Amino acid sequence: MEYGFSAIEKKWQEAWKKNKAYKVNNDPSKPKYYVLDMFPYPSGAGLHVGHPLGYIASDIFSRYKRLKGFNVLHPMGYDSFGLPAEQYAIEHGIAPAISTDRNIDNFRSQLDKIGFCYDWDREVRTSNPNYYKWTQWIFLQLFDSWFDRKAQKARSINDLIVIFKAEGNTNTPCPGDKKLVFSAAEWNSGDSSKQSEILMKYRLAFCGVGEVNWCEALGTVLANDEVINGVSERGGHPVVKKKLRQWYLRITEYAERLLAGLQTVDFSDSMKDMQTNWIGKSFGAEIDFEIAAENTLSSASHLKVYTTRPDTIFGVDFMVIAPEHDLITTLTSPEQKKAVEEYLEYVNSRSERERMAEKKITGVFSGAYCKNPFNGVLIPIWISEYVLAGYGTGAIMAVPCGDERDFKFAQYFSIPITNIIGQFFNGNEANPTKEARLENSGFLDGLLMSDAISVSLDKLEELGIGKRQTNYKMRDAAFSRQRYWGEPFPIVWKNDIAIPLSSTALPIELPELSDLKPGPDAQGPLANLPEWVSYDGGAREVNTMPGYAGSSWYFLRYMDPQNDKEFCSRAASDYWGQVDLYIGGTEHAVGHLLYSRMWTKVLFDLGHIGFDEPYKRLVNQGKIGGDSRLVYRVRNSKQFVSAGLKDNYETDEIHVDVSLVDGFVLDMEGFKKWKPDFSDATFITEEGEYKCGARLEKMSKRYFNVVNPDDIVEKYGADTFRMYEMFLGPVEQDKPWDTKGIEGVHRFIRKFWRLFFDAEKGLVATQTPADAASWKIFYKMLKKVEEDTARFSFNTAVSGFMIGVNELTDLNCHSIDLLKKFLIVLTPYAPHICEEIWQQIGEVGSILDASYPVVDETYLVETSKEYPVAVNGKTRIILNIDLNATQADVEALVLKEPMISKWLEGKPPKKIIFVKNKMINVVI
RNA sequence: GCCCGGGUGGUGAAAUUGGUAGACACGCAAGACUUAAAAUCUUGUUCGCUGUAAAGCGAGUGCGGGUUCAAUUCCCGCCCCGGGCACCA
């Protein structure tokens with residue numbers, strides 16, 4: 001009986017579907033385990049072999065946990081709102097709703113072939129009104145909340161109104177406007193429009209005017225994490241800074257909690273580092289420098305700077321303020337006015353990208369000075385684009401001997417440099433050390449810089465001219481998009497006041513719209529639908545929410561997907577709790593994961609869920625690279641030269657479809673038929689064969705190196721495919737795809753099959769009990785496989801299975817009592833074949849619910865061990881020695897060995913090292 | 001520039017990190033079965049040297065040092081590859 005995987009896999013996939021084998025109930029009587037994959041954006045390209053890597057790993061782990069008796073939640077869904085569907089609609093005239101559904105159907109059919117254990121009854125689609133109703137509802141919670149800094153948590157905006165009525169905002173400084181101060185009386189006498197304006201500056205989801213990343217090509221605003229090196233993450237289009245009215249999430253208020261929460265979760269160090277760096281916490285001081293009165297027209301008396309190095313205050317040779325700084329007009333002296341205006345014009349003419357690409361040293365002197373508070377020295381105030389308006393106070397004190405940028409600036413503009421670190425400064429480059437003893441530094445002289453930081457801070461605070469200040473690099477997240485294919489905001493504007501709609505009015509459905517051209521004034525396409533926009537005497541918000549809105553909370557919806565009363569019942573979220581294992585790529589390190597963590601904290605603060613970190617453990621699967629094949633065309637000809645001979649010609653390399661290449665050998669006839677351009681190609685071969693070049697790179701259509709999992713499953717079966725993806729290497733590591741290697745795994749599966757069935761004789765598995773040697777092999781394997789599975793070392797677990805099958809085959813073991821246990825252990829990896837054999841050997845019920853075998857240690861007890869015996873660390877012989885042997889026993893045994901005496905040359909050894917259960921080393 | 005990963009045979013990798021380097025596979029080579037092929041099985045396969053062979057010796061985990069009886073693993077200094085951040089004061 002042959003292993004007919006196609007029929008077997010089809011049979012069981014249908015049976016599992018029919019029996020709802022993967023249906024999961026919220027059953028508090030059983031221990032839970034929640035395994036989550038980062039859900040895919042259903043792109044038109046479908047899946048390549050790299051995508052299922054993480055899904056297979058999580059599937060194996062889910063099945064393993066289920067066999068261990070856990071109630072396992074392992075759902076799947078689609079992040080189905082987003083830009084590409086909209087771009088596709090514009091280019092092809094197909095509505096996003098339609099192309100998205102089509103793509104989802106394609107994804108689903110690809111996923112189904114691999115045999116995942118998802119409970120599809122729990123599927124979520126972020127673009128489904130039943131889902132985004134609750135995304136809108138959570139938005140309303142964010143809109144109706146503010147962050148209480150003292151309690152470090154979100155509270156209802158109504159609580160804030162109570163506070164304002166009683167005491168104004170003196171004890172609750174405004175996160176959106178540091179200078180805003182008002183009393184209770186002022187609050188109470190203000191009109192509702194004024195009050196709304198103030199509240200907006202506190203809300204966690206707020207609308208405001210600010211510098212945003214505007215991408216002209218995409219016609220929308222982007223969040224910081226969607227901009228990579230000055231271009232859009234999607235499409236690589238240029239991005240410019242623009243002042244616009246936009247919706248934001250006040251994620252900066254959660255900076256501290258987001259940092260603290262990292263201590264409580266099991267993410268990789270690099271993932272934690274990325275988030276920590278993105279948040280960018282720094283400790284320092286804000287210092288007020290008095291502006292020298294005789295040099296300014298200004299009424300301003302002080303310039304406030306932010307520094308992390310107040311210890312260097314005696315080394316300040318100039319000040320730099322950002323070109324956008326408020327004080328520029330008032331500080332600029334009449335003599336410098338023209339120069340300053342010219343400079344500002346120049347700065348405005350430079351795009352963000354130009355600034356990043358060419359970091360030129362530019363700047364202009366304002367004509368004003370301020371005074372060093374400790375020695376009265378006059379310090380010139382400069383304006384330069386290297387100081388960012390959005391960070392700190394938008395002004396710095398420049399210490400050229402200690403800061404590289406300040407040093408270059410001073411050198412460029414010939415500003416004299418004060419040395420406060422003696423030998424540590426060589427005059428050619430700045431030295432940012434903290435280890436120097438300070439010189440020329442007044443009361444700080446002689447102190448170690450690292451100690452002087454707090455001494456200077458104390459002094460500044462004592463004199464009331466400075467205070468300790470913590471800053472974060474992270475910015476509030478832009479939350480509106482000028483696009484169509486996203487969640488509409490549940491907001492109506494009346495007289496410039498944003499009115500939230502009642503939760504009973506949800507969902508605010510996205511209206512159908514055939515023409516997705518932008519609306520007027522950089523508004524989204526929805527602005528073109530006046531009958532939709534006009535609502536209840538006001539105008540609907542026409543922006544839509546960004547892609548990350550729906551993905552920020554989807555893990556909660558899976559717990560209670562059909563609930564139409566709540567986003568997720570408290571009972572469901574209390575039962576399932578945190579995601580125990582979250583698997584996905586590193587590309588979401590600072591985007592999705594931070595937003596999702598913030599939303600979870602807000603929902604926790606408001607009492608809707610009982611935990612404030614969504615993901616307990618995160619595993620990042622590596623990327624599978626494509627192994628591209630290249631052909632070399634002799635320039636300006638139709639001749640193609642084989643890789644080994646290409647250096648003799650001037651050639652252009654061309655990617656060739658990997659399916660036309662066997663190893664490195666090109667199918668020349670196939671190549672001619674591949675594209676009309678190549679139909680009359682001729683080849684310069686090596687011994688009749690055309691050899692292609694190779695390169696590892698991203699798996700992508702344009703390199704013709706995409707391998708579709710459907711093809712692999714068709715040829716080798718899903719079980720082989722699953723195990724091979726795992727066998728390729730550690731899940732977390734990037735690795736190349738090589739279809740050839742799959743043969744080894746396929747052979748293993750067939751060999752496993754042959755433990756049960758013979759091609760002619762049929763079933764060969766017998767009721768004869770297994771012998772001790774076979775049990776030993778099995779339990780050794782079980783122990784390894786279980787340990788490896790538990791630590792996500794799936795590649796070595798597969799190797800463990802191979803060793804087990806090889807050894808049992810050698811022993812001719814066909815005992816059903818043993819093999820039946822083997823089947824259960826293999827089920828998470830290769831469920832189809834195991835379920836089929838389970839049925840064939842007459843077991844009742846599904847193997848999916850069998851119980852995982854337990855290691856019987858009695859079979860694994862060893863009495864002796866093969867010890868490597870080394871001479872001076874170099875292994876020379878292997879000796880089988882009783883495990884109870886003492887040092888003396890071992891020494892005697894070792895010295896008897898001729899091989900060892902040969903090395904000793906008659907002399908006694910200096911020492912014999914014996915590490916029980918490890919090794920023996922003879923030192924001579 | 002800064003912060004993380006990583007560098008091991010022809011290839012993917014293993015050694016659960018002081019204790020037999022290269023498990024398990026791919027590929028390759030030789031052989032068995034077969035009219036033949038597929039499939040399957042057997043043997044070999046880090047490199048170099050000696051040897052008909054059995055075997056032995058030497059080198060070897062990016063490079064150079066160090067600690068140790070013993071280093072892929074720990075320490076110091078460099079090189080290369082991948083990822084993230086990048087005028088954040």
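So you know, we letter chains A, B, ... as the sequences are listed, proteins then strands, and number each from 1. Please read all numbers here as calculations on a predicted model, not as lab measurements.
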Sugar-phosphate, base or nothing in reach of [X], heavy atoms under 4.0 Å:
X         : answer
Lys272(A) : nothing
Arg475(A) : nothing
Gln733(A) : sugar-phosphate
Lys623(A) : nothing
Ile913(A) : base
Asn471(A) : nothing
Asp273(A) : sugar-phosphate
Met899(A) : sugar-phosphate
Lys473(A) : base
Ser270(A) : sugar-phosphate
Asn806(A) : sugar-phosphate
Ile920(A) : nothing
Trp903(A) : sugar-phosphate
Val387(A) : base

Side-chain donor-acceptor pair under 3.5 Å between [X] and [Y], yes or no?
X         : Y         : result
Asp311(A) : Ser456(A) : no
Tyr472(A) : Thr252(A) : no
Thr586(A) : Asn620(A) : no
Lys911(A) : Asn921(A) : no
Asn705(A) : Ser628(A) : yes
Asp738(A) : Tyr724(A) : no

Under-4.0 Å side-chain N/O to phosphate OP1/OP2 contact, Tyr391(A) with rA89(B): yes
Quick check for you: among [options], whose closest atom lies nearest to any side-chain atom of [X]?
X         : options                   : answer
Ile878(A) : rA89(B), rU20(B), rG19(B) : rU20(B)
Phe727(A) : rC69(B), rC24(B), rC26(B) : rC24(B)
Met802(A) : rA21(B), rA89(B), rC24(B) : rC24(B)
Tyr386(A) : rG12(B), rC87(B), rG27(B) : rC87(B)
Pro730(A) : rC85(B), rA13(B), rC69(B) : rA13(B)
Lys902(A) : rG56(B), rG60(B), rC85(B) : rG56(B)
Ile803(A) : rC26(B), rA23(B), rG12(B) : rA23(B)
Lys735(A) : rG56(B), rC69(B), rA13(B) : rA13(B)

Nucleotide N/O of nucleotides 15-17 of chain B paired with protein N/O under 3.5 Å:
unit_1, atom_1, unit_2, atom_2, d
rU16(B), O2, Arg791(A), NE, 3.1

How far does the [atom1] atom of [N] sit from the matching atom of [M], given to the nearest Å?
N       : M       : atom1 : answer
rC28(B) : rA21(B) : C1'   : 22 Å
rC69(B) : rG77(B) : C1'   : 27 Å
rG22(B) : rA14(B) : P     : 15 Å
rC57(B) : rG51(B) : C1'   : 12 Å
rC75(B) : rG84(B) : P     : 27 Å

Syn/anti state for rG60(B) [syn: chi within 90° of 0]: anti
Shortest non-hydrogen contact from [X] toward [Y]:
X         : Y         : result
Tyr306(A) : Thr393(A) : N-OG1, 3.4 Å
Pro909(A) : Val922(A) : CB-CG1, 3.8 Å
Met397(A) : Phe289(A) : SD-CZ, 3.9 Å
Ala398(A) : Asp406(A) : CA-OD2, 3.2 Å

Pairs under 3.5 Å (N/O, protein and nucleotides 39-47 of chain B):
unit_1, atom_1, unit_2, atom_2, d
rA39(B), O3', Arg750(A), NH2, 3.2
rU40(B), OP1, Arg750(A), NH2, 2.5
rU40(B), O3', Arg754(A), NH2, 3.3
rC41(B), OP1, Arg754(A), NH2, 3.4

Which residue lies more 5' along RNA chain B, comparing Ser282(A) with Met274(A) via nearest heavy atoms: Met274(A)
Toward the 5' end of RNA chain B, by each residue's nearest nucleotide, Ala389(A) or Met919(A): Met919(A)
Check: Phe752(A) ring centroid to Tyr3(A) ring centroid under 6.0 Å: no
Heavy atoms of other groups near Tyr412(A) OH, more than 12 under 6.0 Å: no
NZ/Lys272(A): more than 12 non-hydrogen atoms of other groups inside 6.0 Å: yes
Contiguous Watson-Crick or G-U pair runs (3 or more, under 3.5 Å) in RNA chain B: B:1-7 with B:79-85, B:10-12 with B:24-26, B:27-32 with B:40-45, B:46-50 with B:55-59, B:62-66 with B:74-78
Residues Glu743(A) and Arg750(A) bridged, charged N to O under 4.0 Å: no
